[in-house]
Amino acid sequence: MIAGLSVAGLMLPEAVAYAGIAGLPPQRAVMAAIAGCLIYALIGRSRFAIVSPTSSSAAILAATLAVFPGSAAQKAVIATVAVALVGLFFLIAAGGRLGSLTGFVSRPVLRGFAFGLAITIILRQLPLIVGVPEEGSSIAAIAVNLIHTIPHWHVPSLITGGLALGALFLFRRWPSIPGAFCVLAGSILASTALSLCGQGVAVVGTIDTALQWPHWPGLRFRSLSQLAQLILPLVLILFAESWGTIRALALRHGDTVEPDRELLSLGLANVGAALVQGMPVGAGFSAGSAAEAAGAQSRWTAILASCSLAIIILVAAPAIASLPKPVLAAVVIAALSHALSLAPLVRLWRLDRDQYVALAAAMGVMAFGVLDGMLLAIALSIAALLHRLAAPHIVYLGQLGASHDYVDWSRHPGARPVPNMLIARPVVPIFFANADRVLAAVAKSAATASRVTMLVLSLEESPDMDSTALEALIDFDTAMAKRGVAVVYARLHDQLRDLLVKSGAGEIAERSHFSVDDAVNAALAASLGSGPP
């Protein structure tokens with residue numbers, strides 16, 4: 001119960017703030033938080049996940065709505081349709097058991113995306129803190145506008161937001177205290193007592209919880225098709241963000257979760273959010289971490305948080321109308337401050353792995369916007385993967401002492417080559433894009449090495465092959481035989497053996513062995529005429 005109340009105190013200001021990011025009325029985020037959190041708690045499996053509007057989904061929804069012209073009422077309907085499509089796509093993915101597709105959004109992409117998105121969202125909150133209108137669509141234009149309007153900054157708004165932000169960071173020293181809830185209540189009392197609205201400080205205003213289905217504007221098929229295309233990145237980032245949060249918290253506590261079950265839960269949660277005319281929902285890291293820190297032991301935490309939020313809205317809606325918007329901006333900034341840590345990016349540079357992908361994700365979001373930036377980052381991630389797979393990276397093995405072990409002789413001084421034999425092991429799976437290059441590199445090494453009459457090709461990294469790679473392997477074997485080099489294969493998987501037999505190249509399968517040592521001994525025996533290779 002304590003955990004549920006603590007989480008509810010965080011959900012309210014975050015929901016109202018994220019509605020502002022999306023350019024929608026605050027009740028849409030609040031209703032989505034109530035419905036999404038409750039539905040997930042009944043169906044999902046994570047005891048820590050709090051499914052509600054998130055900063056990234058709000059930003060992507062805002063970018064999506066910006067594509068469609070029209071009045072606020074029309075955009076409201078488009079937003080409802082968008083949420084429904086998000087739920088539908090999640091349900092289709094769950095039915096197709098596509099939970100593994102989240103692996104295509106790599107962690108460096110998520111880290112870079114989160115960093116760039118955090119900077120973008122925080123910068124967009126600063127006009128609320130200083131009390132000036134937001135002008136410009138890019139973060140550069142917003143930054144320039146903030147600098148130009150320094151003489152016009154609204155001091156009461158700046159003081160209100162600054163004090164709230166300082167209090168939020170101060171409360172982090174005591175994790176057991178719901179700091180966001182305390183700041184929320186204190187700012188409402190201060191707003192009423194000091195009449196901040198009368199001093200020019202913007203406030204939330206009335207939150208209308210009445211569900212009135214808006215007028216359908218008559219979207220054409222072309223608009224629906226365009227909307228569906230724009231929704232796909234939203235679905236992808238929502239599940240990647242949610243699954244990352246759910247998996248990280250589950251692994252930390254030894255819990256078991258299934259991606260396809262989470263797809264179903266998120267789909268139904270978004271359908272429920274659409275029915276209450278809400279926003280897209282997902283398992284945000286800040287809310288999940290808050291539930292964990294508050295001591296959540298079961299999904300009852302999410303149920304109680306949802307019910308508590310509903311009670312707060314029903315009972316204290318008039319008081320919430322006095323909530324200063326600079327305080328909401330402070331809540332968003334404090335919630336996203338953890339994403340500004342450079343440690344994950346610095347670690348990638350130290351490892352010299354995927355740092356440019358993460359950097360491209362961050363720069364793409366800031367330079368091109370949320371949608372294009374995320375798509376660019378994913379494209380670069382896949383391109384980097386294809387580049388690594390397409391490169392003919394091959395290691396050549398030698399025998400380690402008198403043992404049965406064969407290791408890369410360039411990295412192990414104790415390994416010695418077998419006389420008149422080259423032992424090659426491609427360290428990437430052989431497929432249509434790299435088959436010719438990899439096998440050509442092996443053939444070139446065999447030709448340039450002195451007195452090589454035997455070749456052992458270890459294919460342990462290729463459990464299966466497509467038809468292009470299979471044909472390239474057969475052609476390679478034929479070419480090496482014409483050059484007088486006996487080829488023996490090692491670590492051939494059963495799937496590849498069966499494929500060779502089906503293709504009529506069963507003779508190659510007969511020259512394959514389950515270990516490199518067996519292949520070497522067979523090649524040596526064949527060279528002495530004492531047995532087949």
Side-chain angles (χ1 to χ4, degrees), residues 384-493 496-497 499-500 503 505 507-528 532-533:
L385 171 63
L386 293 178
H387 175 73
R388 287 194 294 268
L389 292 177
H393 188 191
I394 304 163
V395 299
Y396 297 95
L397 310 180
Q399 187 176 16
L400 193 60
S403 68
H404 299 288
D405 299 323
Y406 291 81
V407 295
D408 183 359
W409 70 44
S410 66
R411 299 179 63 88
H412 299 272
R416 57 180 180 82
V418 179
N420 302 326
M421 182 183 296
L422 186 68
I423 308 173
R425 184 183 69 196
V427 296
V428 294
I430 298 178
F431 67 113
F432 67 90
N434 67 2
D436 290 331
R437 296 178 64 189
V438 169
L439 295 175
V442 174
K444 182 179 178 180
S445 297
T448 55
S450 60
R451 294 177 296 181
V452 169
T453 59
M454 297 170 287
L455 171 65
V456 173
L457 183 60
S458 179
L459 295 177
E460 59 192 85
E461 301 291 343
S462 302
D464 203 353
M465 287 187 182
D466 55 73
S467 59
T468 301
L470 180 66
E471 291 177 6
L473 180 64
I474 296 173
D475 293 341
F476 165 81
D477 187 84
T478 302
M480 297 302 293
K482 290 180 179 180
R483 288 166 49 178
V485 178
V487 183
V488 181
Y489 298 89
R491 306 297 298 272
L492 222 64
H493 294 260
L496 187 53
R497 289 172 181 263
L499 187 61
L500 287 168
S503 67
E507 190 266 340
I508 295 179
E510 294 175 358
R511 286 186 278 117
S512 64
H513 302 269
F514 291 109
S515 71
V516 174
D517 187 60
D518 289 342
V520 170
N521 292 331
L524 291 174
S527 67
L528 298 175

Looking at every heavy atom in both [X] and [Y], which two are closest together, and how far apart are they?
X: Ala424; Y: Tyr396; value: CB-CE2, 3.7 Å
X: Leu470; Y: Ser503; value: CD2-CB, 3.7 Å
X: Gly414; Y: Leu400; value: C-CD1, 4.0 Å
X: Gln399; Y: Ser403; value: NE2-O, 2.8 Å
X: Ser512; Y: Leu492; value: CB-CD2, 3.4 Å
X: Ala447; Y: Arg483; value: CB-NH2, 2.8 Å

Are the side chains of [X] and [Y] in touch, meaning some heavy atoms are under 4.5 Å apart?
X: Leu457; Y: Pro426; value: yes
X: Val456; Y: Val418; value: no
X: Met465; Y: Ile430; value: yes
X: Tyr489; Y: Leu473; value: yes
X: His493; Y: Leu459; value: no
X: Val488; Y: His513; value: yes
X: Arg411; Y: Val395; value: no

What distance separates [X] [atom1] from [Y] [atom2], expressed to the nearest 0.5 Å?
X: Ser445; Y: Leu455; atom1: OG; atom2: CG; result: 9.5 Å
X: Asp518; Y: His404; atom1: CG; atom2: NE2; result: 9.0 Å
X: Ile394; Y: Glu461; atom1: CD1; atom2: CD; result: 12.5 Å
X: Leu386; Y: Asn434; atom1: CG; atom2: CG; result: 10.0 Å
X: Leu397; Y: Asp405; atom1: CG; atom2: CG; result: 11.0 Å
X: Ile508; Y: Leu500; atom1: CD1; atom2: CG; result: 5.5 Å

Exercise for review: Would you check, one step at a time, whether the test side chain to side chain contact (heavy atoms under 4.5 Å, CB included) holds for Met421 with Leu524?
Suggested key: CA-CA 9 Å; Met421 182 183 296; Leu524 291 174; 3.9 Å; yes
Exercise for review: Ignoring hydrogens and angles, tell me if any N or O in the side chain of Arg491 forms a donor-acceptor pair with the backbone of Arg425 under 3.5 Å.
Suggested key: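 No, the answer is negative, given that no donor and acceptor are paired below the 3.5 Å cut-off.
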Point to revise | Contacts of Asp436 that satisfy salt bridge (Lys or Arg N to Asp or Glu O under 4.0 Å) - sequence neighbours left out | key: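 Salt bridge (Lys or Arg N to Asp or Glu O under 4.0 Å) list for Asp436, sorted by chain: empty.
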Check your understanding: Between Asp517 and Ser515, does any side-chain donor sit less than 3.5 Å from a side-chain acceptor?
Key -> no
